[in-house]
Structure formats: structure tokens, C-alpha cells
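These notes are about the structure you will find just below.
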Amino acid sequence: MEQSHLVDPDMRRLRTDYVWLKIESCLTFASVAEARYELRMPDAERFLADGELEYLSLVRLFSEADLSSESQRTLQSEIEGVRQRLNEVKHLQGRRLTLDLAS
């Protein structure tokens with residue numbers, strides 16, 4: 001018998017909800033970092049770093065969670081979107097450094 005059949009459906013739902021919460025947290029850090037970069041605020045890098053740490057936690061949680069196949073597919077797609085969003089904000093970080101050097 002597969003281990004996935006041994007997990008209580010309520011526990012599986014809670015794990016799925018927790019992964020969604022981590023996704024939202026990563027996206028919030030990315031949005032705050034983006035806004036801070038655009039305002040040229042020095043704490044932008046800290047928010048981006050916090051988003052990266054949250055992302056690492058998210059990936060670990062996702063890899064260890066025993067989720068349904070449907071949830072795995074959906075969440076994998078969302079996690080890839082989070083990675084893309086963090087990369088976009090990193091691009092702003094590089095642009096800010098270039099602008100600062102040009103000033």
C-alpha cells in the first residue's frame with residue numbers, strides 16, 4: 001500500500017493550505033521588495049532575501065508533503081510562478097545597482 005493512502009484527508013488539506021500560505025508569503029515579499037527597489041529604499045534587498053528564504057522553505061515543504069496528484073500539479077505550477085516572480089525582482093536589484101553606479 002502506498003504511503004499516500006495512509007494520510008488523513010483533513011491532514012492532506014491542511015498541508016495543501018499551508019503550501020498555499022507559503023506561496024502567498026513569497027509573493028508578498030517579492031511585491032514589497034519590488035516596491036522598495038522602485039523607491040530606491042535600502043531595505044529592498046532584505047525583503048528579497050526574506051522572499052528567497054521563504055521560497056526555500058516552500059520548496060522543502062512541498063517536496064515533503066504528501067499531496068494528491070492534482071494538488072501537486074497545481075502547486076508545482078504556482079511554485080514555478082513564484083520562482084519567476086522572485087527572478088523578476090532580482091532583475092530590478094541589478095538594474096538599481098546599475099543606476100546607482102551611473103549616478
Side-chain angles (χ1 to χ4, degrees):
M1 184 182 264
E2 271 185 46
Q3 181 183 1
S4 63
H5 296 300
L6 302 175
V7 177
D8 181 347
D10 289 334
M11 181 60 78
R12 185 175 278 167
R13 182 184 48 76
L14 288 172
R15 287 179 181 167
T16 300
D17 290 348
Y18 190 55
V19 172
W20 278 111
L21 181 64
K22 295 290 233 178
I23 288 169
E24 289 299 320
S25 179
C26 288
L27 293 173
T28 298
F29 278 121
S31 293
V32 171
E34 178 182 40
R36 304 302 276 183
Y37 278 123
E38 289 174 356
L39 294 170
R40 300 173 63 100
M41 302 297 292
D43 63 351
E45 291 178 14
R46 182 175 54 89
F47 284 101
L48 180 57
D50 288 345
E52 289 290 348
L53 287 173
E54 189 72 359
Y55 178 78
L56 292 174
S57 173
L58 166 63
V59 169
R60 185 177 59 248
L61 174 67
F62 178 73
S63 69
E64 294 172 357
D66 183 18
L67 305 172
S68 69
S69 297
E70 181 181 339
S71 290
Q72 284 180 343
R73 282 189 300 273
T74 301
L75 291 169
Q76 181 66 43
S77 176
E78 292 295 324
I79 291 169
E80 289 168 6
V82 168
R83 179 71 266 157
Q84 182 178 359
R85 179 74 172 110
L86 289 167
N87 288 342
E88 290 169 359
V89 175
K90 278 186 183 180
H91 176 72
L92 290 176
Q93 177 187 30
R95 192 174 80 200
R96 177 183 172 217
L97 289 174
T98 303
L99 291 173
D100 287 346
L101 292 174
S103 297

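Keep in mind that what you see is a predicted model, and the values were worked out from it rather than measured.
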Please tabulate, for the side chains in residues 22-31, all donor-acceptor contacts under 3.5 angstrom to protein atoms that are two or more places apart in sequence or on a different chain.
from: K22; atom 1: NZ; to: E54; atom 2: OE2; distance (Å): 3.2
from: K22; atom 1: NZ; to: S57; atom 2: OG; distance (Å): 2.9
from: S25; atom 1: OG; to: E54; atom 2: OE2; distance (Å): 3.3
from: T28; atom 1: OG1; to: E24; atom 2: O; distance (Å): 2.9
from: S31; atom 1: OG; to: L27; atom 2: O; distance (Å): 3.1

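In this structure, CG in D66 is found 11.5 Å from CG in D8, a value given to the nearest 0.5 Å. Separation of atoms OG1 (T16) and CG (L75) is listed at 6.0 Å; rounding is to 0.5 Å. Between D17 atom CG and D10 atom CG the span is 10.5 Å, to the nearest 0.5 Å.
Legend: residues meeting side chain to side chain donor-acceptor pair (under 3.5 Å) with E80, ordered by chain and number and at least two apart, are Q76. Among residues two or more places apart in sequence or in another chain, the side chain to side chain donor-acceptor pair (under 3.5 Å) test is passed with S68 by S71. Legend: residues meeting side-chain contact (heavy atoms from CB on, under 4.5 Å) with R83, ordered by chain and number and at least two apart, are E52, Y55, L86, N87, K90. When the salt bridge (charged side-chain N to carboxylate O under 4.0 Å, His left out) test is applied to R73, no partner is found at least two apart in sequence or on another chain.
Judged by distance alone, with hydrogens and angles left aside, the side-chain atoms of R36 form no donor-acceptor pair with the main-chain N or O of E45 at under 3.5 Å.
Considering every non-hydrogen atom in both E78 and W20, the closest pair reads CG-CH2, 3.3 Å.
With hydrophobic clusters built from ILVMFWY side chains whose heavy atoms lie under 4.5 angstrom apart, I79 shares a cluster with L21. One hydrophobic cluster, built from ILVMFWY side chains closer than 4.5 Å, cannot hold both L53 and L48; they sit in different ones. L67 and L14 fall into different hydrophobic clusters, where Ile, Leu, Val, Met, Phe, Trp and Tyr are joined by side-chain heavy atoms under 4.5 Å apart, directly or via other members. By the rule that hydrophobic residues join a cluster once side-chain heavy atoms approach within less than 4.5 Å of another member, L58 and Y18 end up as members of one cluster. In terms of hydrophobic clustering, with Ile, Leu, Val, Met, Phe, Trp and Tyr side chains grouped at heavy-atom distances under 4.5 Å, Y37 and V82 are assigned to a common cluster.
Taking 4.5 Å as the limit, every side-chain heavy atom of E88 sits out of range of all side-chain heavy atoms of E34.
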